[in-house]
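Here's the structure we're looking at; comments come further down.
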Amino acid sequence: GGGLRAPSRSLRAALTTPQLAATLHLADGTPPVGVDVADLRSWVTPGAAVPVRYAEVTVDAPWLGDLVLIDTPGSGGLVAAHATAALEAAGRASALLFVTDALAPLSRVELNFLLQASARVETIVFALTKIGPRPGWSQVLAENRTNLAAVASRFASARWVAVDSLLAALRTAAAQFATEFDSELS
């Protein structure tokens with residue numbers, strides 16, 4: 001029939017929260033330092049006590065395989081060393097996820113960074129954040145696509161993912177519901 005069924009084992013596994021670990025690679029060249037993921041924000045913000053070149057986050061989730069995410073400082077900021085660190089990381093990457101927001105189109109500095117990064121990494125995917133109920137985000141997306149294609153033709157067919165924090169919150173709530181539903185059935 002058409003009644004409710006328990007989520008499959010693979011769905012439950014995909015909806016559970018994976019274990020996270022973080023490693024900081026410091027700007028002074030000292031050996032990498034392991035930190036709690038919850039403490040990352042205090043380490044990777046401007047003005048942190050110890051400058052960080054990049055942070056590596058490991059996710060213990062079987063469905064991700066050997067995926068390694070490396071979070072670097074923003075490329076469009078005021079510190080040239082941030083762009084250098086991001087380009088270094090891109091040189092070791094199989095793919096680059098470039099995250100920008102819908103508040104304004106990509107800057108000339110960001111476009112130049114992406115042109116340099118595209119020489120180092122084959123696959124670049126873009127995420128556009130802060131779309132929420134914001135009017136005009138699709139125009140920012142269109143302008144970004146046009147400007148990127150003008151910088152490098154390979155960007156004309158680049159993949160963009162629009163991200164909404166409300167949808168993320170709904171996904172988290174759905175995962176919690178699935179866990180509770182599964183425990184009720186057990």
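Everything quoted here is computed from the prediction, not taken from an experiment. Computed over heavy atoms, backbone and side chain alike; hydrogens, waters and symmetry mates excluded. Position 1 is the first residue of the sequence; numbering continues from there.
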Which value, rounded to the nearest 0.5 Å, describes the distance between Trp137 atom CH2 and Asp101 atom CG?
-> 13.5 Å

Would you kindly confirm whether Leu141 and Leu103 end up in one hydrophobic cluster when ILVMFWY residues are joined by side chain heavy atoms under 4.5 Å apart?
-> no

What is the minimum heavy-atom distance between Ile124 and Ala158, and which atoms define it?
-> O-CB, 4.4 Å

Show the numbers, then the answer: is there a side chain to side chain contact (heavy atoms under 4.5 Å, CB included) between Asp39 and Trp43?
-> CA-CA 7 Å; Asp39 296 333; Trp43 284 93; 4.3 Å; yes

Of all heavy-atom pairs linking Leu40 and Leu24, the shortest is CD2-CD2, 3.7 Å

Mind checking the OG1-NZ spacing from Thr100 to Lys130? Nearest 0.5 Å is all I need.
-> 9.0 Å

Does the side chain of Leu114 come within less than 4.5 Å of Leu148's, by heavy atoms?
-> yes

Side-chain (Glu143) to main-chain (Val140) donor-acceptor, under 3.5 angstrom | no

Nearest heavy-atom neighbours spanning Ile131 and Ala102 = CG2-CB, 4.2 Å

Keeping the roles fixed (side chain from Asn144, backbone from Leu106), state whether a donor-acceptor pair exists under 3.5 Å.
-> yes

Might you work through the side chain to side chain contact (heavy atoms under 4.5 Å, CB included) test for Leu96 and Val125, ending with a clear yes or no?
-> CA-CA 6 Å; Leu96 172 67; Val125 176; over 6 Å; no

With Trp160, the ring-ring contact (aromatic ring centres under 6.0 Å, His included) member among Phe126, Phe155, Phe98 | Phe126

Between Val50 and Val57, is there a shared hydrophobic cluster once you connect ILVMFWY residues whose side-chain heavy atoms come closer than 4.5 Å?
-> yes

Between Thr23 and Pro32, which heavy-atom pair has the shortest distance, and what is it?
-> CG2-CB, 3.5 Å

Validation row: Leu128, Val163 side chains within 4.5 angstrom (heavy atoms) | no

Specify the closest pair of heavy atoms between Val99 and Thr129, including all atoms of both residues, with the distance to one decimal.
-> CG1-CG2, 3.5 Å

Contact summary for Thr123 and Arg154, nearest pair of heavy atoms = N-NH2, 4.0 Å

